[in-house]
Amino acid sequence: MGESLTGRKPLETSESQEKEQSKKEGIEVAKKNDIERLASELGMNINMEALRQAQRDIQITLHGGSKVSLEQYEALLIHKMYEYFRLGVMWKTKEMMKKQTGVDDSLVKWVLKEMAEKELKFGLRPIEHVIPLTGDVYITIEGRRFYARQQGIDFSVKYETIKDGSKDNIWEFKCTVTLLKSGVEYEGYGKASPANVFRKDYIPDMGRKRSLAHALELAFPLGVSAEDADMITDFRMAEETAIEAKENGAKELVNSLDEI
């Protein structure tokens, strides 16, 4: 008598709910104290109720056109990052970062958060469309092409050789991306030489790829920018890594957020 179909007593369920609610309230209090402490250090006064109301009122537009409040958006970010932990995206991100600048756990979390934002807002997939790059995140050429397709934007691409490297293998190209509907043009530039390309036989192609990446970045600015395309040593290597990760499939990574 008094037990549910699962064999648990209603009292136990109630106690569990109370503990969960108490935990949530504790997190809210800690968050409030942290925000108020920061505001005080900055010499500012803050109305927490007004802040919460602002979070409810601010609208974020997601990929696909739906709108959510800032509070809901933050919850979606956390859920998306949890997916990355479970599906191996965090593991692959850390492996890529190891080869670039080494791994800092707090930086990994920031990179994953940025990846989650790009997926929620633009539909861009991590590793395939958004990759870690020297402590930041970078949208690949395929990512910007994907975005253009999703938006129904057709464009043409034209290359021009600025410096012929037939003698010294130092090449420079200009790429012009033209939006066909409006006729607006975006010009990107890319250089490549033995000093910044590992595969020497790929240097001219790398120069063209860098100029294309720069032009697409200007045509489709999605909030992630590599200001100087020459700093990116090998787009092909990064994109091949993304394709390899996709073909190999995902790995289960963690069992709980406590392992982050």
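Heavy atoms only: backbone and side chains are in, while hydrogens, waters and symmetry mates are out.
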Rounded at 0.5 Å granularity, tell me how far [atom1] in [X] sits from [atom2] in [Y].
X    : Y    : atom1 : atom2 : answer
T93  : E114 : OG1   : CD    : 12.5 Å
I78  : E83  : CD1   : CD    : 13.0 Å
E172 : D164 : CD    : CG    : 12.0 Å
K113 : W110 : NZ    : CH2   : 7.0 Å
E71  : D57  : CD    : CG    : 9.5 Å
E119 : L124 : CD    : CG    : 8.5 Å

Which heavy atom of [X] sits nearest a heavy atom of [Y], and at what distance?
X    : Y    : value
S211 : C175 : OG-CB, 3.3 Å
E142 : R149 : OE2-NH2, 2.8 Å
M206 : V197 : CG-CG2, 3.7 Å
P194 : I203 : N-CD1, 3.5 Å
P132 : V111 : CB-CG1, 4.1 Å
K80  : A116 : CG-CB, 3.7 Å

Are [X] and [Y] connected, step by step, through hydrophobic side chains (Ile, Leu, Val, Met, Phe, Trp, Tyr) whose heavy atoms are closer than 4.5 Å?
X    : Y    : answer
M96  : V108 : yes
L222 : V137 : yes
Y159 : I170 : no

>> L216 vs F155, test: side-chain contact (heavy atoms from CB on, under 4.5 Å). Steps then yes/no.
In response: CA-CA 10 Å; L216 288 175; F155 62 90; 3.9 Å; yes
>> Please determine whether side-chain contact (heavy atoms from CB on, under 4.5 Å) holds for the pair L212 and R145, giving the CA-CA distance in whole Å, both sets of side-chain angles, and the decisive distance to 0.1 Å.
In response: CA-CA 11 Å; L212 172 61; R145 283 175 169 159; 3.5 Å; yes
> With ILVMFWY side chains joined below 4.5 Å, transitively, what does L70's cluster contain besides itself?
Replying inline: I58, I60, L62, V68, Y73, L76, L77, L120
> So which residues get pulled into L180's cluster when ILVMFWY side chains under 4.5 Å apart are joined, directly or through others?
Replying inline: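 Members besides L180: none; it forms no cluster.
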> Yes or no on salt bridge (charged side-chain N to carboxylate O under 4.0 Å, His left out) for K92 and E95, after CA distance, side-chain angles and deciding distance?
Replying inline: CA-CA 5 Å; K92 188 61 188 181; E95 288 299 301; over 6 Å; no
> Can you say whether the rings of W171 and F173 are parallel (under 30°), tilted (30 to 60°) or perpendicular (over 60°)?
Replying inline: parallel
> For E217 and R144, what are the C-alpha separation, side-chain angles and deciding distance, and is it a side-chain contact (heavy atoms from CB on, under 4.5 Å)?
Replying inline: CA-CA 7 Å; E217 179 185 306; R144 295 185 194 272; 3.8 Å; yes
> How would you list, by chain and number, every residue that makes a side chain to side chain donor-acceptor pair (under 3.5 Å) with K121, sequence neighbours excluded?
Replying inline: none
Given side chains that start at C-beta, do those of [X] and [Y] come closer than 4.5 Å, heavy atoms only?
X    : Y    : result
L112 : M90  : yes
Y202 : K209 : yes
M115 : I127 : yes
E160 : T176 : no
V89  : R125 : no

> Donor-acceptor pair, N196 side chain versus S193 backbone, under 3.5 Å?
Replying inline: yes
Taking atom [atom1] as the centre, does [X] end up with more than 12 heavy-atom neighbours from other residues, nucleotides or ligands that are less than 6.0 angstrom away?
X    : atom1 : result
K200 : NZ    : yes
H63  : NE2   : yes
K163 : NZ    : yes

> Yes or no on ring-ring contact (aromatic ring centres under 6.0 Å, His included) for F122 and F220, after CA distance, side-chain angles and deciding distance?
Replying inline: CA-CA 11 Å; F122 307 117; F220 309 112; over 10 Å; no
>> Could you walk me through whether T61 and K67 satisfy the side-chain contact (heavy atoms from CB on, under 4.5 Å) test, starting with their C-alpha distance in whole Å, then the side-chain angles of each, then the deciding distance to 0.1 Å, before giving a yes or no?
In response: CA-CA 4 Å; T61 301; K67 293 180 181 295; 2.8 Å; yes
